[in-house]
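The structure under discussion appears below in the form of structure tokens.
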Amino acid sequence: MGGDLNVADDVINSVNGSSPQPFAVTLNEVCRNQYNHMFSSLTPYYGRFEVTVPGACKNGQDYGIAVLVRTAQYTFHNAWTLPGGYEQRKMVCIRTADTGGGSQPLIACSTHIDYHSDVQAQQIAFVAARGREMWSGNHVLIGGDFNVEPTDSKLNPMYSPEHSGGSGIFNEADTNGFSRTGGGVGSGYNEYTGGCIHWPCGYRANDWKPTGKIDYIFLSRYDFTGYYGDATYALRSDHTPLWAWANYE
């Protein structure tokens with residue numbers, strides 16, 4: 001929440017250094033000046049910064065979430081305030097006109113669920129319901145920090161029935177045979193993404209190790225194939241970046 005542009009540069013370097021470059025990028029805990037720096041430095045990416053707490057960054061900048069897509073053919077779809085008390089949390093979505101060779105446009109969303117357990121179930125259910133509504137006529141991607149681990153029943157409304165206990169429309173990119181159990185640091189599935197005490201945060205030697213999977217990339221079922229995920233490392237964050245690859249149908 002400090003607004004450090006070095007953190008933004010880490011994201012820029014990761015995106016530019018990836019081949020292929022990601023079509024969608026979702027961001028949590030970002031300050032407006034960091035988003036503006038990424039927006040101006042990453043081409044041809046376009047997107048939306050959504051304020052959750054005005055002026056809350058240490059440098060006085062607005063604090064929020066964001067989503068970027070690698071196409072100029074997009075529109076702002078919607079933003080919602082999540083139910084529940086404590087710090088204001090939101091979900092923000094943009095819709096591409098470019099189908100990327102697939103059959104439908106993509107709606108890409110970012111969200112950040114509260115860490116207070118008494119509001120998590122209603123917030124996750126709200127996000128899942130918005131995702132289901134948008135699914136008609138669109139492929140849907142929702143990325144973010146859900147602050148709960150895969151085995152938590154609060155995630156049931158997000159996970160599709162392919163995942164044990166799931167009642168939603170989404171498959172998660174970083175799973176192994178739709179499993180909600182197992183995995184961990186360097187496992188190749190359900191990889192831990194949060195809980196590092198210090199940074200660098202990741203799986204490399206001398207990194208602080210994440211202690212649980214709380215970040216997710218949810219993809220609407222039937223709309224993507226051949227997907228997999230990878231949690232890497234962050235030079236200046238207590239979360240690891242989570243990457244996903246998939247074929248857009």
Point to revise | side chain to side chain contact (heavy atoms under 4.5 Å, CB included) between His139 and Phe224, worked out | key: CA-CA 8 Å; His139 293 9; Phe224 303 86; 4.0 Å; yes
Review point. What about Tyr222 and Phe170, same hydrophobic cluster or not, with Ile/Leu/Val/Met/Phe/Trp/Tyr joined at side-chain heavy-atom distances under 4.5 Å?
Key: yes
Exercise for review: Give a yes or no answer on whether the side chain of Thr96 reaches the backbone of Leu106 with a donor-acceptor pair at less than 3.5 Å.
Suggested key: yes
Practice item. Quick one: closest heavy-atom pair of Gly3 and Asn59, and the distance? Key: CA-ND2, 3.7 Å
Exercise for review: Establish, from distance only, whether the side-chain atoms of Glu162 and Ser160 form a donor-acceptor pair under 3.5 Å.
Suggested key: yes
Exercise for review: Step by step, work out the side chain to side chain contact (heavy atoms under 4.5 Å, CB included) result for Ile113 and Arg89.
Suggested key: CA-CA 7 Å; Ile113 302 300; Arg89 305 284 177 146; over 6 Å; no
**Study point:** Any Asp238 side-chain heavy atom under 4.5 Å of Trp208 side chain
**Key:** no
Review point. Does Asn176 use its side chain to pair, donor to acceptor, with the backbone of Asn190 at less than 3.5 Å?
Key: no
Exercise for review: List the atom of Pro210, the atom of Val185, and the distance in Å for their closest heavy-atom pair.
Suggested key: O-CG2, 3.6 Å
Point to revise | Sidechain-backbone polar pair: Glu191 side chain, Gly184 backbone, donor-acceptor under 3.5 Å | key: no
Point to revise | Side-chain touch Ile142/Met91, heavy atoms, less than 4.5 angstrom | key: yes
Check your understanding: Do the non-hydrogen side-chain atoms of Thr193 and Thr240 ever get within less than 4.5 Å of each other?
Key -> yes
Practice item. Indicate the ring-plane relationship of Trp245 and Tyr228, choosing parallel, tilted or perpendicular according to the 30° and 60° boundaries. Key: parallel
**Study point:** His116-Asn147 side chain donor-acceptor pair, cut-off 3.5 Å
**Key:** no
Point to revise | Ser18 (side chain) donor-acceptor with Pro20 (main chain) under 3.5 angstrom | key: yes
Study note, to complete from the structure: What one should report as the nearest heavy-atom pair of Val148 and Ile124 is CG2-CD1, 3.9 Å
**Study point:** Residue pair Asn33 / His37, side-chain heavy-atom distance below 4.5 Å
**Key:** no
Check your understanding: Do Trp199 and Val7 belong together in a cluster built from hydrophobic side chains that touch within less than 4.5 Å?
Key -> no
Check your understanding: If you round to the nearest 0.5 Å, how far is NZ of Lys90 from CG of Leu82?
Key -> 9.5 Å
Check your understanding: Considering all heavy atoms of both residues, which atom of Leu242 and which atom of Ala231 are nearest to each other, and what is their separation?
Key -> CD1-N, 4.1 Å
Check your understanding: Can you tell me if Gln123 uses its side chain to pair, donor with acceptor, with the backbone of Gly84 under 3.5 Å?
Key -> no
Review point. Sub-3.5 Å donor-acceptor pair from the side chain of Arg180 to the main-chain atoms of Ser164, do we have one?
Key: yes
Check your understanding: Where is the tightest heavy-atom contact between Ala246 and Leu219, given as atom of each residue plus distance?
Key -> CB-CD1, 4.1 Å
Check your understanding: Quick one: are Asn171 and Phe178 in side-chain contact, heavy atoms under 4.5 Å?
Key -> yes
Exercise for review: Can you measure from CD1 (Ile197) to NZ (Lys209) and round to the nearest 0.5 angstrom?
Suggested key: 11.5 Å
**Study point:** Phe218 side chain near Tyr159 side chain, heavy-atom distance below 4.5 Å
**Key:** yes
Practice item. Start with the C-alpha distance between Leu155 and Tyr216, add both sets of side-chain angles, then the distance that settles side chain to side chain contact (heavy atoms under 4.5 Å, CB included), and finish with yes or no. Key: CA-CA 11 Å; Leu155 278 174; Tyr216 299 82; 3.4 Å; yes
Practice item. Tell me yes or no: between the side chains of Gln21 and Asn16, is some donor less than 3.5 Å from an acceptor? Key: yes
Review point. Atom OG of Ser237 and atom CG of Asp4: how far apart are they, to the nearest 0.5 Å?
Key: 11.5 Å
Review point. Could you go step by step and tell me if Thr52 and His112 meet the side chain to side chain contact (heavy atoms under 4.5 Å, CB included) rule?
Key: CA-CA 10 Å; Thr52 56; His112 187 186; over 6 Å; no
**Study point:** Ser110 side chain near Glu50 side chain, heavy-atom distance below 4.5 Å
**Key:** no
Study note, to complete from the structure: Cluster membership besides Val119, Ile/Leu/Val/Met/Phe/Trp/Tyr side chains within less than 4.5 angstrom, sorted by chain and number, is Tyr86
Review point. Is there a donor-acceptor pair under 3.5 Å between the side chain of Ser40 and the backbone N or O of Asn36?
Key: yes
Check your understanding: Looking only at heavy atoms, which two atoms of Ile217 and Ala244 are closest? And how far apart?
Key -> CD1-CB, 3.6 Å
Review point. Side chains of Asp223 and Trp135: donor-acceptor distance under 3.5 Å anywhere?
Key: yes
Exercise for review: Say whether, by atom type as modelled, one donor and one acceptor occur between the side chain of Tyr189 and the main chain of Gly229 under 3.5 angstrom.
Suggested key: no
Check your understanding: Any disulfide bond (SG atoms under 2.5 Å apart) pairs touching residues 165-244, not counting sequence neighbours?
Key -> Cys196-Cys201
Practice item. Could you tell me whether Glu133 atom CD has more than 12 heavy atoms of other residues or ligands within 6.0 Å of it? Key: yes
Practice item. Could you check if a side-chain atom of Glu87 sits within less than 4.5 angstrom of a side-chain atom of Tyr63, using non-hydrogen atoms only? Key: yes
Practice item. Indicate yes or no for a side-chain donor-acceptor contact from Tyr227 to the backbone of Ala173 under 3.5 Å, with no hydrogens or angles considered. Key: no
Review point. Given a cutoff of under 4.5 Å between side-chain heavy atoms of I, L, V, M, F, W and Y, with clusters grown through shared members, what are the other residues clustered with Phe76?
Key: Val11, Ile12, Val15, Val25, Leu27, Val30, Tyr35, Met38, Phe39, Leu42, Tyr45, Tyr46, Phe49, Val51, Ile65, Val67, Leu68, Val69, Tyr74, Val92, Ile94
Check your understanding: How long is the span from the CZ atom in Phe146 to the NZ atom in Lys213, to the nearest 0.5 Å?
Key -> 10.0 Å
Revision key, fill the gap. Value for NZ (Lys154) from CD (Glu149), rounded to nearest 0.5 Å, stands at 11.5 Å
Study note, to complete from the structure: One should read off an interatomic distance between Asp62 CG and Cys31 SG, to the nearest 0.5 angstrom, of 9.0 Å
Review point. Is Tyr115 reachable from Tyr192 through a run of I, L, V, M, F, W or Y residues, each pair having side-chain heavy atoms under 4.5 Å apart?
Key: no
Check your understanding: Distance only, no hydrogens: is a donor on one side chain within 3.5 Å (strictly under) of an acceptor on the other, for Asn138 and Arg95?
Key -> yes
